[in-house]
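In what follows, a structure is listed as structure tokens, so that the remarks can point back to it.
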Amino acid sequence: MHVAVFAFPFGCHALALINLVQKLARAAQETQFSFLNTEKSNNSIFSASITSLPDNIKTYNVADGVPQSHVFSGDPIERVELFIKETPKNFKMALETAVAVTGQEISCLIADAFLSFSGSIAESLSIPWIPVWIPVPHSLSTHIYTDMIRQHYANSLGYGCSNSCGDGHDVELEEKTLEIPGLSELHIADLPVEVLPRDAQETPFSCLLGQIGNMVQKADTLVLNFYQELYPEPLLIDLKSKFSNLLNVGFISLSMPPPSLPPSTEDTTGCLSWLDSQKSKTVAYISFGTVVNIPRSEMEELAEALEESRTPFLWSLRENVRDCLPNGFLERTTMHGKVVPWAPQTQVLAHSSTGVFMTHCGANSVYESIANGVPMICRPFFADNKLNARLVADVWRIGERIDGGVFTKTGVARSLDLILQHEQGRRIRSRVQAIKELVLKASAPGGHATQAFKTLVEKMTLV
Ligand SMILES: *[C@@H]1O[C@H](CO)[C@@H](O)[C@H](O)[C@H]1NC(C)=O
């Protein structure tokens with residue numbers, strides 16, 4: 001058996017996928033795994049959290065499509081588009097290498113579902129194709145129903161007409177809920193531009209995502225980075241009607257239950273020992289991942305709110321953006337705050353002093369917060385962030401969206417106060433604790449996620 005795995009080398013996608021593959025490699029030790037990824041992404045997932053792989057996984061480099069001596073514009077999407085232009089040729093070449101190195105033909109293809117062309121590759125090799133959906137399943141449905149969504153809403157939002165239609169943002173309309181199967185909990189405003197381009201042009205990325213909805217439905221088996229227990233019923237029913245095996249294997253990047261914390265002295269970032277010195281559930285942990293750049297004005301508002309409210313905070317902030325902080329902020333807040341260039345996020349969220357997570361709502365951050373029972377304050381930025389923030393704030397009600405969508409001093413202070421001091425915050429915390437218990441149970445022996453994982457191993461090793 002030789003399983004090839006195609007990674008989408010952006011955001012937290014590749015890290016999530018390698019985590020799944022590690023679990024699979026331990027469950028199917030006779031099976032050889034070839035993990036195909038770009039060199040850049042491979043290097044970053046290994047430096048981030050993975051130190052060594054089981055012997056039956058080997059990694060292979062895939063060309064990233066960046067021409068030699070290319071000058072980047074600074075827009076993160078540029079890398080994605082160069083990479084897309086290079087597909088599927090780059091993966092086909094790496095696949096040939098993997099076959100040559102192992103001397104084994106490929107028996108199954110597991111791929112990030114963003115790489116919709118992988119279905120045709122599996123078909124041409126007459127092997128099973130198992131796509132993996134990394135974001136929340138709601139966002140898969142927005143891609144499956146993209147045509148319907150555009151037909152319903154594009155015209156009324158002014159998308160597709162000339163500049164005379166203004167900026168195409170009808171605020172009232174944007175707040176309407178979607179009349180799309182399984183998605184009634186979402187609002188039009190939650191849809192990313194790739195699904196509803198509004199006044200933006202189609203891009204190679206939106207075209208790629210546009211194909212996913214159609215392609216992915218050709219798969220019998222679909223793996224989701226999610227729990228059956230967390231779906232609204234109509235969405236689960238709708239997706240089950242489209243895939244014979246809808247395998248919700250749980251949060252694939254996380255070990256469930258979360259491992260116990262290492263001794264604080266072993267944490268060289270100093271975060272854990274600092275948290276030890278704080279009171280239970282009082283600290284705001286702040287991190288917006290590695291891609292997001294917060295506008296300077298918002299950084300200032302956020303910093304001022306932290307300073308004035310004297311909320312204990314741990315802020316993971318890259319060195320190169322620190323000069324956006326107000327003058328003297330770091331010195332004035334040393335008594336109740338700590339700013340670090342990088343924090344061991346999973347462990348910080350697992351620490352008993354952490355009371356709230358201020359996040360951009362990338363799926364992985366939301367999942368880590370849930371797995372540790374920590375309420376969130378959401379400041380969504382791009383891609384699926386808004387959709388995730390909707391689930392957190394209004395559907396699961398395990399956090400708050402920041403007032404007006406951007407950081408203001410009063411908005412931040414209000415949210416912090418609500419979550420950390422008020423009865424409403426206590427209710428939010430008990431709901432997130434309840435969801436944590438639900439996912440722990442699903443991940444335990446006999447739980448739904450455990451069963452789904454077993455089925456995946458069977459499908460993958462079927463000849
Ligand atoms: C991926 O990264 C790891 C760690 O840096 C390295 O050992 C491995 O050789 C890399 N794989 C490829 C194909 O470059």
Side-chain angles (χ1 to χ4, degrees), residues 1-29 31-70 72 76 78-80 82-112 114-115 117-118 121-122 125 127 130 132 134 225 252-255 259 262 266-269 289-291 318 341-347 364 460:
M1 292 273 151
H2 181 188
V3 176
V5 185
F6 288 7
F8 181 72
F10 302 100
C12 61
H13 280 242
L15 184 58
L17 198 59
I18 191 76
N19 274 299
L20 177 67
V21 174
Q22 289 193 85
K23 289 179 193 169
L24 289 171
R26 276 185 233 113
Q29 297 185 1
T31 301
Q32 179 66 41
F33 292 83
S34 291
F35 189 76
L36 279 55
N37 192 11
T38 60
E39 189 175 5
K40 187 170 158 61
S41 168
N42 175 61
N43 289 341
S44 83
I45 59 181
F46 279 89
S47 65
S49 50
I50 295 174
T51 44
S52 67
L53 289 174
D55 290 341
N56 51 338
I57 306 179
K58 204 170 151 25
T59 55
Y60 295 88
N61 282 340
V62 168
D64 61 9
V66 180
Q68 263 186 357
S69 69
H70 179 77
F72 283 96
E78 190 180 1
R79 272 190 190 281
V80 181
L82 289 168
F83 166 77
I84 291 170
K85 280 193 199 134
E86 200 68 17
T87 61
K89 195 178 75 204
N90 51 355
F91 279 96
K92 285 185 177 160
M93 278 172 68
L95 208 50
E96 279 173 23
T97 311
V99 171
V101 168
T102 58
Q104 272 183 293
E105 292 299 327
I106 310 291
S107 54
C108 174
L109 177 54
I110 295 180
D112 191 308
F114 272 30
L115 305 171
F117 60 83
S118 58
I121 295 184
L125 296 172
I127 54 172
I130 306 181
V132 182
I134 308 279
N225 181 19
I252 60 185
S253 298
L254 309 181
S255 336
E266 278 176 23
D267 167 29
T268 51
T269 67
T290 48
V291 188
R318 290 191 307 276
W342 183 86
Q345 178 154 304
T346 316
Q347 293 165 8
N364 207 39
M460 175 189 81

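Counting starts at 1 for both ligands and their atoms, in listed order. FYI, the numbering just counts along the sequence from 1.
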Test applied, side-chain contact (heavy atoms from CB on, under 4.5 Å); reference residue, V132; option that passes from V5, D112, L17: L17

Results of side chain to side chain donor-acceptor pair (under 3.5 Å) for N225 - residues two or more places apart only: none

F114 ring center within less than 6.0 Å of F10 ring center: no

Close side-chain approach of Y60 and N42, heavy atoms under 4.5 Å: no

Please tabulate, for side-chain N and O atoms in residues 32-41, each donor-acceptor pair with protein atoms closer than 3.5 Å (sequence neighbours left out).
unit_1: S34; atom_1: OG; unit_2: H2; atom_2: NE2; d: 2.6
unit_1: N37; atom_1: OD1; unit_2: S41; atom_2: OG; d: 3.2
unit_1: N37; atom_1: ND2; unit_2: S41; atom_2: OG; d: 2.9
unit_1: T38; atom_1: OG1; unit_2: S41; atom_2: N; d: 3.3

Any residue meeting side chain to side chain contact (heavy atoms under 4.5 Å, CB included) with C12, in chain and number order, not counting sequence neighbours: N364

Amino acids contacting ligand 1, non-hydrogen cut-off under 4.0 Å: N42, N43, F46, T59, Y60, N61

